[in-house]
Structures are given as C-alpha cells and as structure tokens.
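Reading through the structure tokens given below for one structure.
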2 protein chains.
Amino acid sequence: MTEAAAATEVDDCASGTAVRPRPDGQDNYTIGEVVALTGLSAHTLRWYERIGLMSRVDRSHNGQRRYDNDDLRWLEFVGRLRLTGMPVADMVRYAELLREGDHTFAARQELLVRHREDVRRHIADLQATLAVLDFKIELYGGAAR
Amino acid sequence: MTEAAAATEVDDCASGTAVRPRPDGQDNYTIGEVVALTGLSAHTLRWYERIGLMSRVDRSHNGQRRYDNDDLRWLEFVGRLRLTGMPVADMVRYAELLREGDHTFAARQELLVRHREDVRRHIADLQATLAVLDFKIELYGGAAR
DNA sequence: TGCTTGCCTGGAGTGCACTCCAAGTCTCTA
DNA sequence: TAGAGACTTGGAGTGCACTCCAGGCAAGCA
C-alpha cells in the first residue's frame with residue numbers, strides 16, 4: 001500500500017453509517033441537498049469552507065457549490081469530532097495537516113490520539129455523573145412515595 | 001422520612017468525593033478558599049450567585065462572602081452537571097425548584113431524568129466516535145510503518 | 001415580463017458562559 | 001500612618017460557534 005493510498009483510506013473511513021445517496025460519478029450535491037443530508041445549515045457549510053475546515057468545494061458553471069461524496073464523508077467525520085467536543089480550531093488544524101500531504105501523518109495521528117484521551121476522560125466523567133443522577137432520581141422516587 | 005428530610009438528603013449527596021475540609025460548624029470559607037477548593041474563579045462564583053445558580057451566600061460583618069459546606073456540596077453537584085453539558089439555564093431552573101420547596105419534587109426529578117437521557121445518549125455518541133478514532137489511529141500507525 | 005426559488009458574498013449580530021475592569025472598602029502588618 | 005492584599009459592586013468585554021443580513025445573480029415557470 002502506498003502512503004497516498006493509505007492516506008485516502010485513512011481519511012475516507014469516516015464512519016460506518018455514511019450518508020452518500022448517489023454513487024461516485026453522479027455525486028454532486030447542491031448546498032440545499034447537503035443541508036438535508038447532514039442537518040447542518042447552509043450558513044454553517046459556507047462558514048466551514050471559509051475558515052478552512054473544508055477545502056474549497058467545487059462550483060457549478062454559475063458559481064454554486066457542488067459537494068461530492070468525499071465532502072459528505074469529511075462532514076460526517078467532522079460531525080463526530082464536533083460531537084465529542086473537539087474545538088473547531090483543532091479540526092481546522094487537522095484539515096490543514098491533511099492538505100499538506102503525507103509527511104504530516106505523525107502529527108495527525110498525535111492529534112487524534114490526544115483527542116481520544118480527552119474523549120475517554122469525558123466518558124469516565126459522564127459515567128460518574130450518571131451514578132450520581134441515578135442516586136438522586138432514586139431518592140426523589142422514594143420521597144415521592 | 002419526612003419530605004423535608006428527604007429533600008435535604010437528596011440535595012446534599014452531590015458526590016462521593018466531596019471537598020469539605022472543615023467540619024460543619026467551623027465551615028465558613030472565604031471566596032479565595034472556595035476558589036482553591038473548587039477550581040472555579042472568584043468571578044464565576046459571584047456570577048453564579050448573581051444569576052441565581054446559588055442562593056444568596058452568607059456575608060461576614062463587613063459584607064464579604066462566607067461559604068459553608070452545603071455551598072461546597074452544591075458547587076460540586078453543579079460542576080458535575082456542567083461537565084455533562086447541562087445548560088446553565090437548566091441548572092438555574094433546578095436551583096429555583098429547590099428553593100421553592102418540597103412540592104417541586106416531581107419537577108426536579110423529571111429534570112434530572114431528562115438530563116440522564118441526554119448523558120446516556122452522549123456516552124453512546126462518544127463511544128461510537130472512540131471506535132472511529134481507534135480505527136484511524138491504527139491506520140496511521142500501519143501507514144507509518 | 002415579472003415572480004419565485006435557490007444560491008452567492010462579506011460583514012455584522014447572537015447566545016452562551018464566563019472574564020475582566022474600575023473604583024471602592026476593610027483588615028493586617030511594618 | 002502607610003502600604004499591601006483580599007475582598008466588594010455593576011457593568012462592560014471576550015471567545016467560541018455559529019447565525020443572520022443586505023444586496024445581488026441565475027434559472028425556471030405563468
């Protein structure tokens with residue numbers, strides 16, 4: 001496997017539940033379609049592009065955005081990172097590393113490893129709180145009876 | 001158990017790792033001590049009081065805040081809710097219900113139950129993302145070799 | 001031909017959760 | 001008696017992640 005091929009594979013496997021309604025080749029979606037598919041607003045999609053969280057999206061002959069399946073995959077991955085609390089600045093950093101090419105593999109991996117640690121810690125915090133919530137809810141139930 | 005007793009117990013059991021360095025009776029802490037104990041800033045502590053997230057804190061003869069163990073317990077619980085992403089407005093709502101008395105038991109329980117659902121969903125999201133991160137990190141590792 | 005719909009841009013505005021500021025008070029130590 | 005340090009207040013400012021606005025363009029339809 002070449003590094004370039006690995007990079008593609010690494011960066012495309014956003015998640016198992018990809019939303020890619022049309023096969024490669026017929027995959028050019030208007031911003032409105034992407035809004036419907038991702039739940040993001042058109043404002044947010046344009047903003048993501050402006051701040052460099054997406055590389056420049058293709059345009060139609062009259063300047064309108066045309067997204068492809070790779071864009072959807074990327075948006076899905078970004079959605080996951082966002083859901084897990086990664087700051088937008090870090091996601092932009094990751095996107096920049098991606099554009100810089102294969103020599104940034106280690107930096108990208110490090111960024112993801114660090115984020116994974118954050119996520120693990122956060123899960124532990126949430127579970128500890130869940131126990132407290134269970135206890136309080138139980139007590140309220142007991143007091144109400 | 002009276003409802004009042006239940007309310008006290010329910011609302012004091014913030015967590016197992018309470019930071020309460022002095023026993024009840026000698027428990028009056030300056031804002032600086034509470035900053036050191038909780039990690040919150042003095043600004044934030046005053047702001048919490050201003051918005052009603054804490055009921056009015058005792059004052060010394062010259063108007064300075066004096067926190068007690070109950071305040072610390074409450075701050076600890078608030079910290080947990082904050083960590084798990086509850087909006088401040090919801091925490092204020094909970095604090096208001098608490099001040100209104102025993103007849104708000106059901107409402108308080110409902111609020112916590114709803115939040116517990118949010119937390120559970122969030123844990124599931126985090127775990128799904130963890131799987132994606134593991135996969136990508138693994139691929140980067142493979143590509144680097 | 002005019003109207004609607006969907007899209008474009010740069011820049012301003014919003015909501016949240018703090019965070020800081022200015023000007024003042026009080027207490028303690030040198 | 002002076003200075004340092006910890007505290008007080010209301011109100012303004014900050015950073016983040018959007019979110020909206022004004023003004024305009026292009027395509028499709030009555």
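A quick note: this is a predicted structure, and the numbers were derived from the prediction, not measured. Chain letters run A, B, ... following the sequence lines, proteins first and then strands; every chain starts at 1.
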Worksheet item: Which pair of non-hydrogen atoms, one from A:Arg66 and one from A:Asp71, has the smallest distance, and what is that distance?
Response: O-OD2, 4.4 Å
Fill in: Length of the line joining A:Leu75:CG and D:dC18:P, which is rounded to integer Å
12 Å
Item to complete: Give the rounded distance in Å between these two atoms: CZ of A:Arg59 and C1' of D:dA27.
Response: 18 Å
Discussion item. Counting only side-chain heavy atoms from C-beta out, which of D:dC18, C:dC8, D:dA6 sits nearest to A:Gln64?
Written reply: C:dC8
Worksheet entry | Protein-nucleotide distance (A:Ile51, atom CD1; C:dG10, atom C1'), rounded to Å | 16 Å
Worksheet item: Tell me: CG of A:Asn62 to C1' of D:dA26, nearest whole Å?
Response: 6 Å
Item to complete: Return the value, rounded to whole Å, for the distance between atom CE of A:Met91 and atom C1' of D:dC18.
Response: 12 Å
Fill in: For atom CZ of B:Arg65 and atom C1' of D:dT9, their distance in whole Å
9 Å
Worksheet item: Which heavy atom in B:Leu126 sits nearest to a heavy atom in A:Leu83, and how many Å separate them?
Response: CD2-O, 4.5 Å
Worksheet item: Would one find a side-chain N or O of B:Tyr48 under 4.0 angstrom from OP1 or OP2 of C:dA17?
Response: no
Worksheet entry | Distance in angstrom units between A:Arg93 CZ and D:dC16 C1', rounded | 20 Å
Fill in: Below 4.0 Å: OP1/OP2 of C:dA17 and any side-chain N or O of B:Thr44
no
Worksheet item: Do the side-chain N or O atoms of B:Arg50 get closer than 4.0 angstrom to the phosphate oxygens (OP1, OP2) of D:dG11?
Response: no
Item to complete: Determine the contact category for A:Arg66: base if any of its heavy atoms lies under 4.0 Å from a base atom, sugar-phosphate if only primed atoms, P, OP1 or OP2 are that close, otherwise nothing.
Response: nothing
Item to complete: Assign B:Arg46 to base, sugar-phosphate, or nothing according to its heavy-atom contacts below 4.0 angstrom with the strands shown.
Response: base
Item to complete: Return the value, rounded to whole Å, for the distance between atom CH2 of B:Trp47 and atom P of D:dG11.
Response: 17 Å
Discussion item. For the CG atom of A:Asp58 and the CD atom of A:Gln64, what is their distance to the nearest 0.5 Å?
Written reply: 13.5 Å
Practice prompt. Measure across B:Arg80 and A:Val132 and return the closest heavy-atom pair with its distance rounded to 0.1 Å.
Written response: CD-CG2, 3.9 Å
Discussion item. Whether B:Thr30 contacts D:dA6 is assessed here as follows: a side-chain N or O lying under 4.0 Å from the phosphate OP1 or OP2. Is that the case?
Written reply: no
Discussion item. Is the ring pair B:Tyr94/A:Tyr140 parallel, tilted or perpendicular, if the boundaries are 30 and 60 degrees?
Written reply: perpendicular
Item to complete: Using only side-chain N and O atoms of A:His61, determine if any of them is under 4.0 Å from OP1 or OP2 of D:dA26.
Response: no
Worksheet, complete the sentence: Of the listed C:dT19, C:dT27, C:dT9, the closest approach to the B:His43 side chain comes from C:dT19
